[in-house]
Structure formats: C-alpha cells, structure tokens
Participant: 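Just passing along the structure, written as structure tokens.
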Amino acid sequence: MFQDRLQALLVPALQAAFKQLFNHELDGRSVGFQQTRPEFEGDVTINVFPYLKISGKGPEQTAQALGEYLVANVEVVERFNVVKGFLNIVISDAYWLGFLKEAGSKDILALPSNGKKVMVEYASPNTNKPLHLGHLRNIFLGWSVSRILEAAGNEVIKVQVINDRGIHICKSMVAWQKFGNGSTPASTDLKGDKFVGKYYVEFDKAYKKEIDALIATGKSKEEAEKEAPILLEAQEMLRKWEANDPDVRALWEKMNGWVYDGFEKTYARAGVSFDKNYYESQTYVLGKGDVLKGMESGVFYEKDGAIWVDNTKEGLDEKVLLRRDGTSVYMTQDIGTAIKRFEEFPGLSKLIYTVGNEQDYHFKVLFIILKKLGFAWADELFHLSYGMVDLPSGKMKSREGTVVDADDLIQEVVDTARAVTTELGKLDDFNDEEKTVLFEMIGLAALKYFLLKVDPKKRMLFDPAASIDLQGHTGPFIQYTYARVQSLLRKAGTMDVWQHEHLSGTALQPEERAVLKLLHQLPGVLNEASAKLDPSALANHTYELVKAYNGFYQSVPVLKEEHAAKREFRLELSSCVAASVKKAMWCLGIEVPERM
RNA sequence: GACCCCGUAGCUCAGCUGGAUAGAGCAGCAGCCUUCUAAGCUGCCGGUCGUUGGUUCGAAUCCAACCGGGGUCGCCA
C-alpha cells in the first residue's frame with residue numbers, strides 16, 4: 001500500500017536518526033505520523049513531544065535535528081519546517097509523480113488476495129411483511145461490507161436467512177383464507193410481499209375486533225388476547241404446519257412464493273443479491289443435537305427439565321437452550337446453523353452477521369456458547385451490529401403506520417432524481433431508456449450514500465428531505481465529479497503516454513498535491529474499512545477526495561493547459577481519480593454514470 | 001433495578017489507537033458561468049465537544065461519577 005510504502009521509507013530513517021543523534025534504539029511501531037494541518041507547509045507531520053525524554057532537548061531543537069537528518073538522508077524528503085513540537089515534512093514532487101505513475105496503470109483499490117473465505121449474512125427478512133427502511137440500512141451495509149472485503153482480497157459468500165416459518169406467516173395465511181376470496185397478487189396487481197403483508201394487517205384488525213368483542217362479554221384483556229378465535233386458528237395452522245399437513249404446507253408454499261417474488265424485485269432494484277439462501281423452515285431443527293452433545297460433555301446443565309447454559313462467569317446470565325418439552329429456542333437453531341455453515345464451507349475463516357444492535361446480547365451469548373462447545377472458529381464470528389434508523393417523528397412503529405416502505409422510498413428518491421435532473425436540462429441527447437437508467441442510478445446513489453456515510457454502529461436519523469438531496473456531501477455529488485472527469489477524458493481524445501520526466505522543474509500545484517495525497521491514502525482507508533467492517537470510512541474519504549478534485553478542477557486548467565506534459569499529467573491525475581472513485585463507489589454498491 | 005450503546009455548530013454527521021487556533025454538509029448571508037459539466041467553486045456566519053472531577057507536558061479523544069436519550073435483560077422470535 002502506498003501509505004505504508006511512504007512510511008517504510010521514513011521509519012527506518014527515523015530509527016537511524018535516533019541512533020545517530022540520540023544514541024537510542026527507536027521502536028518503529030511507536031512512530032506516529034499525522035496529516036499536516038492545511039495551514040502549514042508539509043505532507044506528513046511528526047509530533048516530537050513523546051521523544052523529548054530521549055533527545056534530552058527542547059521540542060524545537062529535537063524537531064530541527066530530526067528534520068535536518070531526514071533531508072540529508074532520505075531522498076523523498078524535500079524540506080521541513082518546525083512549528084512548536086511539530087516537524088512538518090515536505091515530500092518531493094518526484095515521489096508524488098512516481099506514485100501517480102504507478103497508480104495510473106492499475107486499480108489501487110484491488111488489494112492482493114489473502115486466500116480467506118468470509119461469509120456475510122444480511123437482510124434476513126420475515127415473510128409476513130414487506131421490507132422497510134431498517135432493512136435497507138441492513139441490506140446496503142451487508143452488501144457494501146461484502147464488496148469491501150472482496151476488494152480487500154477475500155473470497156466472500158453472501159447469504160440470508162429467510163424467516164419463512166412461524167406464527168407470523170400463519171396469521172397471513174389464516175387471514176387470506178378468510179378474507180382473500182381467492183385473490184392473488186396477479187389478480188390484484190399487488191407486489192407479492194405487499195399482498196401477503198396486507199393479510200397480516202387484516203389478521204391484526206380482525207384479531208383486535210375479536211378481542212374487543214370478548215372484553216365486552218366480560219373477559220379480561222389477557223383472557224381475550226389468548227382466546228380470540230382467529231388467533232386459535234393461526235395457532236392451529238402452525239401445529240398443522242409442523243405436522244406436515246399437506247394443505248397447510250401447500251398454502252404456505254404458495255404464499256411464501258408470492259413473498260419471495262416481491263423480495264426479489266426489491267433486491268434487484270436495490271442492486272443486491274445472495275449466493276445462498278437459508279430458510280428457517282429448514283434450519284430450525286438444527287442445533288438440538290449439538291446442545292445435547294454439550295449436555296453430555298458437561299458444557300451445559302439440566303434444571304427443571306430444561307437445558308441451560310451458565311454464562312455468569314462471563315458477566316452474563318443463564319440461558320435456556322432446550323425447553324422442558326425438548327423443543328428449541330431461537331438460540332438453539334443459531335448454534336446449529338453456525339455449525340452447519342462451517343461444515344458446508346470447510347475453508348471458511350470468518351462469519352459476519354449483519355443484524356441490528358438490539359440483538360447485541362443474543363450474539364454475545366451465541367459466540368460464547370460456540371466457544372464453550374470447543375469450536376476454534378468461534379473466535380472468527382462477528383456481529384456487525386448497526387444502529388436503528390429513526391425518523392424525524394421518532395421511532396418507526398408498524399402499529400402507528402410510521403414504517404417507511406422500502407419500495408416506496410426507492411421510488412421516491414428516483415422520482416426526485418428525475419425531477420432535479422430534468423430541471424437541470426443536461427439530457428438533450430439521452431433517449432428514454434438511458435434516462436431511466438440514469439435516474440435509477442442517481443436516486444439509489446443518494447439513498448445508499450445517505451445510509452452508508454454514517455458509522456454503522458450509531459443510531460441515525462433518516463431525514464427524507466436530506467436523503468434525496470443531490471448536493472453537498474451526497475452520492476450524486478460524487479457521481480457528478482466522476483461524470484465531469486469522463487467528459488474531460490472524452491474531450492481529450494486519445495491520451496499521449498504521460499512522461500513525468502518532462503515535468504521536472506515544474507512544481508506541483510497545491511491543488512494537485514492535495515488530490516494526490518488523498519488518492520495516496522485511499523488504499524489504506526479501504527484496508528481500514530475492511531478491518532473495521534465500516535463502509536462509512538470509505539464513503540467519507542471518497543467524499544474528501546472528490547471535494548479536493550473539484551477544487552483542483554475549478555482552479556487548475558487541464559485541457560486548456562498549454563504545457564503538454566502538464567496537460568497529460570493532469571489528465572492522468574483526473575483519470576486515476578475517476579477510476580478510484582468508481583471502484584470506491586463499487587465498494588459501496590453505488591454505480592457511477594458516464595454523463596449526468 | 002442490572003448491563004450495553006450514544007450525547008461535537010440551528011439541523012445531520014466527521015474527528016475518538018491522547019497532540020497544533022475542533023472539521024464537513026445542510027440551513028442563512030455575500031460573491032463566481034462569452035472559459036474543460038455551476039449537481040460545482042470561493043468567502044462569511046455559527047461550537048462551555050452533555051456536566052463535574054481525575055490521569056497527562058497535553059483530553060472532544062482515556063478513567064470515574066452524574067444528567068439526558070436509546071437498547072437489552074422470556075422455557076418469545
């Protein structure tokens with residue numbers, strides 16, 4: 001990586017300097033470089049305060065001595081200045097030009113393969129309801145993390161677990177049987193997941209009505225909630241499902257089929273996909289045997305007929321793993337599913353669960369249990385925990401109808417992209433199909449970038465107006481810069497091979513240097529994003545890069561530059577920025593247009 | 001009640017493995033298109049970094065307490 005390479009030039013030199021100047025063996029890992037603040041001249045800064053005890057001199061003298069040593073002994077160190085305890089180092093133009101020379105010929109965001117296989121789980125919807133804004137944060141996050149890991153050299157397997165079984169879908173099934181009159185998504189022109197979701201709501205309405213009726217006959221609220229006939233019907237449906245009743249299974253297959261059809265459409269529009277789907281109807285039987293084995297080996301214990309795990313030593317609680325009647329809980333199947341995955345994918349080195357932070361405790365417990373069961377890979381499990389998405393009105397609540405539907409939201413941002421883009425009137429030679437593609441691209445960029453630029457761990461506020469904003473710190477702003485460069489490159493026609501030798505003696509402009517520095521840092525940022533599973537780091541840095549490029553574009557001529565070598569250099573710089581931005585956006589699941 | 005997360009400009013967020021006068025975007029104000037895409041650029045305005053203590057040469061960053069917001073604590077999923 002370029003950032004590392006520059007440090008690789010400086011660190012040994014610093015160690016040598018400490019040896020010679022202060023007779024001290026410096027630990028290379030302890031050297032901290034920082035960005036030089038823009039108001040001072042320099043590319044990297046070393047804070048010498050930590051070394052004063054070693055040097056036995058004041059901060060200025062220490063910095064001065066180190067600076068002089070570096071200039072004399074390191075080729076890429078051009079000059080330096082000292083401000084208080086800060087040694088600001090100027091790296092030579094030749095270094096930056098050499099960097100561009102190398103970067104220009106390759107994808108600087110393609111890190112070498114590390115031979116690791118990583119599984120990323122995300123989305124994981126229930127089949128009784130359509131996807132909403134919360135799912136979108138999850139889906140975009142999971143997708144982006146997958147892409148980032150891929151760029152960073154891993155082989156990635158993307159999976160989802162579909163919660164296709166349970167009382168929730170039975171409720172939809174009962175309601176459809178009662179009120180559906182044989183209608184289908186096709187006959188009502190509804191998307192399949194919306195159609196099934198509608199009957200889930202219908203169930204709830206009927207259920208509430210029955211509760212009220214029962215209360216009117218003198219039952220308590222609790223009794224009424226338990227005895228409402230429609231609920232009993234749903235519970236009966238679940239029992240029949242578990243008993244493999246052919247009619248119930250057929251209905252279940254049919255309605256879930258509708259839902260998958262709807263989900264597929266949403267995924268396709270959102271631009272995400274999976275390598276493998278797991279279905280809870282198949283995984284919910286897993287784990288029982290593993291728990292029993294753990295029971296035998298003394299990892300778990302029996303109390304009141306149920307099987308428990310004791311995590312009090314780890315600062316957690318006791319937790320049931322098998323009920324007294326021998327049936328599973330949620331944890332049980334998660335244990336089994338994790339084990340199954342490592343069996344199915346023998347080389348798997350990491351498993352990442354993209355799940356909201358309300359399940360922090362659950363995953364803590366899950367990972368401890370797997371560790372106790374003796375699986376070495378338990379250390380490689382990771383809960384990619386993300387914060388909730390709030391609305392300006394507060395939390396999303398399905399009961400209050402404040403849930404933001406995923407399809408509606410996507411449609412809204414695309415519509416806004418259409419309106420704004422049409423207003424700007426740059427699309428004279430686009431045909432209708434090209435326009436449609438562009439509006440999708442811009443709208444989704446706005447939405448995805450809005451959700452991805454925030455640290456995933458943090459709860460975030462979703463402001464609908466800001467999410468479709470196309471100016472400032474947004475996806476479309478980044479797309480715009482890319483399109484701008486493409487326009488430049490088209491106008492430039494075929495580029496001459498860039499000869500940086502011809503540039504010697506012509507100093508880099510500050511704007512050029514700023515862009516080069518940000519570009520230089522980009523691979524390191526990708527690495528960091530990959531290590532922390534945090535797309536926001538990459539999103540924010542790409543914005544910085546693009547902003548710096550726009551500053552360059554505004555004040556430094558490219559095509560109009562008369563000095564041929566400078567023109568070619570600036571075109572190369574532009575081209576390299578565009579390619580890197582495109583790849584960074586790819587890592588976020590955002591496409592960039594050639595024109596907009 | 002116990003445990004976990006969060007609290008930075010009017011709003012939304014960066015910065016948090018300690019370091020220079022705390023940065024963006026939006027909103028507001030003022031400029032820049034006969035010139036490579038103005039979805040842009042430049043400038044101004046705006047901050048007791050929740051509060052109080054502590055550690056340190058140095059704290060938005062680390063520690064403690066408190067205040068405020070959220071989450072989790074089921075033989076639910």
Side-chain angles (χ1 to χ4, degrees), chain A residues 32 34 36-40 45 47-50 52-53 59 83-86 88 126 163 165-168 280 284 303-308 315-317 319-331 333-334 356-362 364-365 385 387-388 390 392 395 417 420-421 423-424 426 442 446 450 453-455 457-463 465-467 469-481 483-492 536-537 539-541 543-544 546-547 549-561 567 570-571 574 595-596:
Chain A
Q34 46 183 303
T36 306
R37 296 194 132 256
E39 58 269 34
F40 304 110
T45 291
N47 179 355
V48 302
F49 264 102
L52 298 185
K53 282 195 187 107
V83 182
K84 293 192 250 178
F86 296 89
N88 300 319
N126 286 356
N163 297 310
R165 164 214 92 86
I167 192 70
H168 58 270
E280 205 203 334
Y284 88 113
K303 186 173 81 182
D304 303 332
I307 296 184
W308 295 71
L316 304 174
D317 293 314
K319 170 94 192 158
V320 166
L321 299 180
L322 277 181
R323 296 191 189 99
R324 194 185 337 200
D325 64 6
T327 55
S328 293
V329 293
Y330 189 49
M331 189 65 78
Q333 55 173 298
D334 268 7
N357 64 8
E358 70 273 14
Q359 293 198 36
D360 283 354
Y361 182 80
H362 174 78
K364 245 185 227 173
V365 173
S385 162
M388 293 191 174
D390 283 332
K395 250 184 106 162
V420 173
T421 307
E423 171 86 14
L424 288 170
K426 298 180 184 177
I442 296 174
F450 186 84
K453 73 176 173 183
V454 181
D455 183 345
K457 291 194 296 292
K458 290 189 179 168
R459 157 184 284 271
M460 71 175 290
L461 187 98
F462 184 83
D463 177 358
S467 74
D469 215 326
L470 311 180
Q471 291 171 358
H473 189 184
T474 67
F477 169 73
I478 295 170
Q479 290 178 315
Y480 172 74
T481 309
R484 235 181 181 185
V485 175
Q486 295 313 302
S487 172
L488 264 189
L489 296 177
R490 276 193 301 273
K491 288 194 170 141
S536 75
N540 287 311
H541 189 83
Y543 169 71
E544 295 296 328
V546 154
K547 210 158 84 85
Y549 181 82
N550 275 314
F552 157 80
Y553 181 93
Q554 202 80 24
S555 57
V556 180
V558 180
L559 295 175
K560 283 177 296 178
E561 172 58 51
R567 186 172 59 242
R570 287 172 192 162
L571 276 169
S574 302
R595 292 182 297 162
M596 70 185 274

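In this text, all values refer to a predicted model and were calculated from it rather than measured experimentally.
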Participant: Any idea which heavy atoms bring A:V320 and A:V329 closest together, and the distance?
Facilitator: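 In this case the closest contact between A:V320 and A:V329 is O-CG2, 3.5 Å.
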Participant: Using the salt bridge (charged side-chain N to carboxylate O under 4.0 Å, His left out) criterion, which residues pair with A:R37? Sequence neighbours excluded.
Facilitator: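 If we apply the salt bridge (charged side-chain N to carboxylate O under 4.0 Å, His left out) test to A:R37, skipping adjacent residues, the hits are A:E39.
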Participant: Does A:Y361 reach the side chain of A:L316, with side-chain heavy atoms less than 4.5 Å apart?
Facilitator: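 Yes, close enough: below the 4.5 Å cut-off.
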Participant: Can you tell me how far P in B:G47 sits from the matching atom in B:A24, rounded to whole Å?
Facilitator: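 Between the two P atoms, the distance is 15 Å.
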Participant: Would you say the side-chain atoms of A:T474 and A:D469 include a donor-acceptor pair closer than 3.5 Å?
Facilitator: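 Distance-only check fails for A:T474 and A:D469.
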Participant: Using a heavy-atom cut-off of 4.0 Å across all strands, would you classify A:A466 as base, sugar-phosphate, or nothing?
Facilitator: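 It contacts nothing in the nucleic acid.
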Participant: Counting the atoms with a prime plus P, OP1 and OP2 as sugar-phosphate, which does A:F40 contact under 4.0 Å by heavy atoms, base, sugar-phosphate, or nothing?
Facilitator: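 Base: the residue A:F40, judged by heavy atoms under 4.0 Å, touches a nucleobase.
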Participant: Any non-hydrogen side-chain atom of A:N540 less than 4.5 Å from a side-chain atom of A:K453?
Facilitator: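 They are in side-chain contact.
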Participant: Which part of the nucleic acid, if any, lies within contact of A:Y361, taking any heavy atom under 4.0 Å across all strands shown: a base, the sugar-phosphate backbone alone, or nothing?
Facilitator: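 The residue A:Y361 makes sugar-phosphate contact but no base contact.
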Participant: Taking the C1' atom in each of B:G7 and B:C45, what is the distance between them to the nearest angstrom?
Facilitator: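 Per the computed distance, 25 Å lies between those C1' atoms.
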Participant: Please state the P separation for the pair B:G25 and B:C63 - nearest whole angstrom.
Facilitator: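 Taking atom P in both B:G25 and B:C63, they lie 32 Å apart.
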Participant: For nucleotides B:C6 and B:A14, find the distance between their C1' atoms and express it as a whole number of Å.
Facilitator: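 After rounding to an integer number of Å, I get 16 Å for this pair.
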Participant: Using a heavy-atom cut-off of under 4.0 Å over every strand shown, decide if A:K453 touches base, sugar-phosphate, or nothing.
Facilitator: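 Nothing, no nucleic acid heavy atom in range.
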Participant: Please give me the minimum heavy-atom distance between A:N550 and A:F477, naming the atom from each residue.
Facilitator: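 Closest approach of A:N550 to A:F477, heavy atoms only: ND2-CZ, 3.2 Å.
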Participant: Considering residues at least two apart in sequence or located in another chain, which fulfil the ring-ring contact (aromatic ring centres under 6.0 Å, His included) criterion with A:Y549?
Facilitator: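 ring-ring contact (aromatic ring centres under 6.0 Å, His included) list for A:Y549, sorted by chain: A:F552.
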Participant: Can you check the distance between B:C49 and B:C44, where both ends of the measurement are the C1' atom (answer in whole Å)?
Facilitator: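 That atom pair is separated by 23 Å.
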Participant: Reading RNA chain B from 5' onward, which residue's closest nucleotide shows up sooner: A:P50 or A:S487?
Facilitator: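 So the residue in question is A:P50.
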Participant: How would you label the contact of A:V329 with the nucleic acid (heavy atoms, under 4.0 Å): base, sugar-phosphate, or nothing?
Facilitator: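 A:V329: backbone/sugar contact only, no base atoms under 4.0 Å.
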Participant: For the C1' atoms, the ones on B:U48 and on B:C41, what distance do you get once it is rounded to whole angstrom?
Facilitator: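 About 34 Å, rounded to a whole number of Å.
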Participant: For A:V83, report the nucleic acid contact type (base, sugar-phosphate, nothing); a contact means any heavy atom under 4.0 Å.
Facilitator: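 Contact class for A:V83: base.
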Participant: Hey, where on RNA chain B does chain A first and last touch, going 5' to 3'? Cut-off is any atom under 4.0 Å from a heavy atom.
Facilitator: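 The contacted stretch runs from B:G7 to B:A77.
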Participant: By nearest nucleotide on RNA chain B, pick out whichever of A:D469 and A:D317 is the more 5' one.
Facilitator: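 Looking at the nearest nucleotide for each, A:D469 comes out on the 5' side.
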Participant: Looking for any heavy atom pair under 4.0 Å, which part of the strands does A:D334 touch: base, sugar-phosphate only, or nothing?
Facilitator: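 Since no nucleic acid heavy atom lies under 4.0 Å of A:D334, the category is nothing.
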Participant: Given the P atoms of B:U61 and B:C26, what is the spacing between them in whole Å?
Facilitator: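 It works out to 29 Å between them.
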Participant: Select base, sugar-phosphate, or nothing to describe what A:F86 touches, counting heavy atoms under 4.0 Å on all strands.
Facilitator: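 Contact class for A:F86: base.
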Participant: Can you see which heavy atom on A:I442 is nearest to which on A:Q479, and at what distance?
Facilitator: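 The pair with the smallest heavy-atom distance is CA-OE1, 3.5 Å.
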Participant: Indicate, with a heavy-atom threshold strictly under 4.0 Å, whether A:D455 touches base, sugar-phosphate, or nothing.
Facilitator: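 Result for A:D455 = sugar-phosphate.
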Participant: Could you tell me whether A:T45 contacts a base, only the sugar-phosphate backbone, or nothing, with contacts defined as non-hydrogen atoms closer than 4.0 Å?
Facilitator: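 Since a base atom lies under 4.0 Å of A:T45, the category is base.
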Participant: Please find the pair of heavy atoms, one from A:L559 and one from A:L571, that lie closest to each other, and give the distance.
Facilitator: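 Between these two residues, the closest heavy atoms are CD2-CD2, 4.1 Å.
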Participant: Using a 4.0 Å heavy-atom cut-off across all strands, classify A:T421 as base, sugar-phosphate, or nothing.
Facilitator: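 Here A:T421 touches the bases of the nucleic acid.
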Participant: List the residues meeting salt bridge (charged side-chain N to carboxylate O under 4.0 Å, His left out) with A:E280, not counting sequence neighbours, and say none if there are none.
Facilitator: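 So A:E280 forms a salt bridge (charged side-chain N to carboxylate O under 4.0 Å, His left out) with A:R165.
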Participant: At under 4.0 Å between heavy atoms, what does A:R324 touch on the DNA or RNA strands: base, sugar-phosphate, or nothing?
Facilitator: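 Base, at least one base atom sits under 4.0 Å.
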Participant: Look at all strands and tell whether A:M460 reaches a base, only sugar-phosphate, or nothing, counting heavy atoms closer than 4.0 Å.
Facilitator: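 Contact class for A:M460: sugar-phosphate only.
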Participant: Decide, for B:C26, between syn and anti: a glycosidic angle within 90° of 0 counts as syn, anything else as anti.
Facilitator: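 Base orientation relative to the sugar is anti.
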Participant: With rounding to the closest Å, how many angstrom separate the C1' atoms on B:C57 and B:G15?
Facilitator: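 Here B:C57 and B:G15 have their C1' atoms 23 Å from each other.
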Participant: Please list, chain by chain and in numerical order, all residues satisfying salt bridge (charged side-chain N to carboxylate O under 4.0 Å, His left out) with A:D334, sequence neighbours excluded.
Facilitator: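 Salt bridge (charged side-chain N to carboxylate O under 4.0 Å, His left out) check on A:D334 returns nothing, list empty.
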Participant: Convert the base pairs of RNA chain B into dot-bracket notation, remembering that pairs crossing earlier ones are written with [ ] and that bases paired across to another strand are shown as |; include only Watson-Crick or G-U pairs under 3.5 Å.
Facilitator: (((((((..((((.....[...)))).(((((.......))))).....(((((..]....))))))))))))....
Participant: Once you apply a heavy-atom cut-off of 4.0 Å, does A:L461 come out as touching a base, just sugar-phosphate, or nothing?
Facilitator: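 Touches sugar-phosphate only.
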